[in-house]
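A short worksheet on the structure shown next.
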Amino acid sequence: MAGAVEEESIFLTELGRRVRHARTLRGLSRKLLSQTSGLSERYIAQLESGQGNVSIILLRRVANAMGVRLDDLIAGESTAPDWPVIRDLLGQASAEQIALAKGILSGQAPARGDAPQPRVAVIGLRGAGKSTLGRRVAERLGWTFVELNAEIERENALSVKEIFAIYGQEGYRRLEQVALRRLTEHPGPLILATSGGIVAEPLTYDLLLQAFFTIWLRARPEEHMQRVREQGDLATTGDHPSAMQELRAVLASREPLYARASSVVDTSDVPVETMVDRLAAAIEARFGALPAMHHA
């Protein structure tokens with residue numbers, strides 16, 4: 001009996017860690033998760049600390065509010081890091097694609113190497129400068145600049161705020177993946193500014209990494225917060241004493257994912273012109289001097 005109790009305690013502790021990680025990865029405060037799921041902040045705090053009774057129904061509400069799968073929260077530690085990507089891809093695959101995947105996994109299919117396309121995606125936390133720097137570098141190089149959120153709004157004739165209100169986090173991420181998949185067919189040259197939370201969706205982020213030369217715009221947490229203040233976005237993030245603590249937690253949870261980018265450009269403590277120069281240099285180091293392409 002003692003062994004069973006200890007095993008349950010370990011499970012609840014690990015479950016709480018996964019819930020907390022999924023929440024911070026998506027930049028959700030406990031208050032916002034409480035409002036979205038309809039559960040009290042106290043219950044969520046107890047869940048994250050591994051205390052109290054866990055109802056599968058309530059846990060499902062928490063998972064749905066965060067736009068994650070329930071099995072991701074209760075999966076065992078032996079789950080491979082890329083399993084969420086493989087699982088989601090298999091769920092969308094045709095019979096022929098599944099047969100091909102089986103062949104590759106068994107070592108019976110040849111590896112495929114595609115020529116690099118002049119498509120660049122900039123990633124990073126809010127306030128990293130993805131839109132500002134991406135647009136300026138695109139203008140300098142004569143490339144097309146696209147903001148993923150603007151594409152989502154254009155394709156669905158709804159603002160991002162309206163999409164979240166109608167479809168929730170899961171619905172927005174689904175539309176985000178559809179828009180990104182269409183952009184992977186863009187012949188380039190193209191610079192794409194993504195949302196800060198795109199790294200939290202395994203399949204979408206893997207698609208981005210495969211189809212784009214990704215650049216992480218890295219900065220210190222204090223700089224992120226200052227830029228958000230200057231942009232007037234604190235109405236959504238909240239300018240309260242714990243805001244910086246929450247930002248640090250989000251950045252810490254996402255850093256291993258941002259680090260998977262093909263290149264890193266540090267934007268801390270330097271003028272905007274220097275940031276533009278660094279981003280342009282990273283792109284030119286990868287693709288060289290490409291002919292400018294102007295689109296109406």
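We're numbering straight along the sequence, starting at 1.
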Please lay out, stage by stage, how E223 and T267 fare under the test side chain to side chain contact (heavy atoms under 4.5 Å, CB included). CA-CA 9 Å; E223 291 220 22; T267 64; 5.6 Å; no
Rounded to the nearest 0.5 Å, what's the gap from CG on D269 to CE on M275? Could you check? 8.5 Å
Apply side chain to side chain contact (heavy atoms under 4.5 Å, CB included) to the pair I198 and E176, showing each step before the final yes or no. CA-CA 8 Å; I198 196 170; E176 178 182 55; 3.8 Å; yes
May I have the step-by-step check of side chain to side chain contact (heavy atoms under 4.5 Å, CB included) for D88 and R69, ending in yes or no? CA-CA 11 Å; D88 290 347; R69 293 172 60 113; 4.1 Å; yes
Would you indicate whether the side-chain heavy atoms of E147 and R135 approach each other to under 4.5 Å? yes
Does a side-chain heavy-atom distance below 4.5 Å link I283 with V137? yes
Donor-acceptor under 3.5 Å (K130 side chain, L217 main chain): no
Considering all heavy atoms of both residues, which atom of V19 and which atom of V62 are nearest to each other, and what is their separation? CG1-CG1, 4.1 Å
Trace of the salt bridge (charged side-chain N to carboxylate O under 4.0 Å, His left out) decision for R248 with E255: CA-CA 10 Å; R248 288 182 186 277; E255 275 188 336; over 6 Å; no
Drop me the distance from R26's CZ to H21's NE2, to the nearest 0.5 angstrom. 8.0 Å
Any donor-acceptor N/O pair, Y258 side chain to G196 backbone, under 3.5 Å: yes
Looking at E170 and R174, is any side-chain nitrogen of the basic one under 4.0 Å from a carboxylate oxygen of the acidic one? no
Taken to the nearest 0.5 Å, the spacing of M66 CE from L32 CG works out to 11.5 Å
Do V178 and L203 share a hydrophobic cluster, counting only Ile, Leu, Val, Met, Phe, Trp and Tyr and linking them when any side-chain heavy atoms are less than 4.5 Å apart? no
If you look at every heavy atom in L58 and Y43, which pair is closest and at what distance? CB-OH, 3.6 Å
Over all atoms of both residues, closest heavy-atom pair of F145 and S131: CZ-O, 3.6 Å
Do L12 and Q51 make a side-chain contact, defined as non-hydrogen atoms from C-beta onward lying under 4.5 Å apart? no
Can you classify the ring geometry of F287 versus F213 as parallel (below 30°), tilted (30 to 60°) or perpendicular (above 60°)? perpendicular
Before giving the answer on side chain to side chain contact (heavy atoms under 4.5 Å, CB included), spell out for L59 and L47 the whole-Å C-alpha distance, their side-chain angles and the decisive distance to 0.1 Å. CA-CA 9 Å; L59 186 59; L47 177 61; 4.0 Å; yes
I'd like to know if E151 pairs up with R154 as an ion pair, taking the criterion as any Lys NZ or Arg NE/NH1/NH2 lying under 4.0 Å from an Asp or Glu carboxylate oxygen. yes
So, for L73 and A63, which heavy atoms are closest and what is the spacing to 0.1 Å? CD1-CB, 3.9 Å
Heavy-atom side-chain proximity of F212 to L207 below 4.5 angstrom: no
Judged by atom type as modelled, is there a donor-acceptor pair below 3.5 Å linking the side chain of T214 to the main-chain atoms of S262? yes
From D277 atom CG to E284 atom CD, the distance as rounded to the nearest 0.5 Å: 9.5 Å
Would you call L148 and L183 a side-chain contact if the rule is heavy atoms closer than 4.5 Å? yes
Between the main-chain N or O of V122 and the side-chain N or O of T194, is there a donor-acceptor pair closer than 3.5 Å? yes
Closest approach of V85 to P202 (non-hydrogen atoms, all atoms of both residues): CG2-O, 3.3 Å
Can you see which heavy atom on S37 is nearest to which on I44, and at what distance? OG-CD1, 4.2 Å
Using atom types as modelled and distance alone, determine if a side-chain donor or acceptor of R218 lies under 3.5 Å from a backbone N or O of D266. no
Can any side-chain N or O of S268 pair as donor or acceptor with the backbone N or O of R220 at less than 3.5 Å? yes
Side chains of E41 and S34: any donor to acceptor distance under 3.5 Å? no
Looking at CG of L39 and CD of Q46, how far apart are the two atoms once the value is rounded to the nearest 0.5 Å? 11.5 Å
So among R20, R23, R42, which one has a salt bridge (charged side-chain N to carboxylate O under 4.0 Å, His left out) with E48? R23
I'd like to know if the side chain of Q169 pairs up with that of T36 as donor and acceptor (distance under 3.5 Å, no hydrogens or angles considered). no
Can you tell me how far the CZ atom of R119 sits from the CG atom of L192, to the nearest 0.5 Å? 10.5 Å
Quick check: do I191 and L279 have side-chain heavy atoms less than 4.5 Å from each other? no
Looking at E153, I'd like to know if its CD atom is crowded, meaning that more than 12 non-hydrogen atoms belonging to other residues, nucleotides or ligands lie closer than 6.0 Å. yes
Do side-chain atoms of N156 reach the backbone of I152 as a donor and acceptor pair under 3.5 angstrom? yes
Flag the pair E201 / S195 as yes when at least one side-chain heavy-atom distance between them is below 4.5 Å, and no otherwise. no
Does any non-hydrogen side-chain atom of R140 lie less than 4.5 Å from one of R136? no
